[in-house]
Amino acid sequence: MPLAHAAVTDAPLDLGRLSAVVGSTQHGAVATFVGVVRDHDPEADGEVVALDYSAHPEAPQILERVVRDVLARYDHDDAATVAAAHRTGHLAVGDLALVVCVGSAHRALAFDVCREVVEEIKRELPVWKKQHQADGAHVWSGLTC
């Protein structure tokens, strides 16, 4: 099962392009997850107005490994194709932070792989988030000591 695209990038994420990457005449389904910067978070005390994502230098390789590991768990006659991208840098509320697109012959496989890739990215990708609040304060998420 192919990995079509995996990127950790400071460039804005293009949902249409990533979706097109997994499109195929053999795929009857494309499942998509879009993580969007929101104006609140349980870890923030106030309104979130922006955030900064930073990533470990090996994050691109880790993202690729995560996607390949998930795909290896699915041994079907159906092939799934995955495109995944995580944004870094300064993001405003409403910006795309994470996009995962999965194309496959059938919807069940596309949904299952998409969800699992998203969950594994959230669990394993070394990306940290500094949330800027309207009052000028900030809070970090994802840091472990």
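No experiment lies behind these values; they were computed from the predicted model shown. All heavy atoms count here, side chains included; hydrogens, waters and symmetry mates do not. Residue numbers count from 1 along this sequence.
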For this session: Would you please test Val48 and Arg38 for side chain to side chain contact (heavy atoms under 4.5 Å, CB included) and show each step?
Result: CA-CA 7 Å; Val48 175; Arg38 62 182 183 247; over 6 Å; no
Are [X] and [Y] connected in the hydrophobic side-chain network, where two residues link if heavy atoms are under 4.5 Å apart?
X: Val70; Y: Val8; result: yes
X: Phe111; Y: Tyr74; result: no
X: Leu96; Y: Val100; result: no

pair [X]-[Y]: side-chain heavy atoms closer than 4.5 Å:
X: Pro126; Y: Glu58; result: no
X: Asp39; Y: Val49; result: no
X: Tyr53; Y: Trp128; result: no

For this session: Check the pair Glu124, Arg65 against salt bridge (Lys or Arg N to Asp or Glu O under 4.0 Å), reporting the backbone distance first and the verdict last.
Result: CA-CA 10 Å; Glu124 293 190 39; Arg65 179 192 49 78; 2.8 Å; yes
Under 4.0 Å between a Lys/Arg side-chain N and an Asp/Glu carboxylate O for [X] and [Y]?
X: Arg115; Y: Asp112; answer: no
X: Arg68; Y: Glu64; answer: yes
X: Arg123; Y: Glu120; answer: yes

Exercise. Any sub-3.5 Å donor-acceptor pair from Gln133's side-chain atoms to Asp45's backbone N or O?
Worked result: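 Answer holds: yes.
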For this session: Without swapping roles, check the side chain of Ser104 against the backbone of Ala80 for a donor-acceptor pair under 3.5 Å.
Result: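 Not confirmed, Ser104 side chain does not pair with Ala80 backbone.
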Exercise. What distance separates Asp10 CG from Ser54 OG, expressed to the nearest 0.5 Å?
Worked result: 12.5 Å
Problem set entry | Positive for side chain to side chain donor-acceptor pair (under 3.5 Å) with Asp52, one of Lys129, Lys130, His132 |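 Filter result, single survivor: His132.
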For this session: Evaluate whether atom CD of Glu47 has more than 12 neighbouring non-hydrogen atoms of other residues, nucleotides or ligands under 6.0 angstrom away.
Result: yes
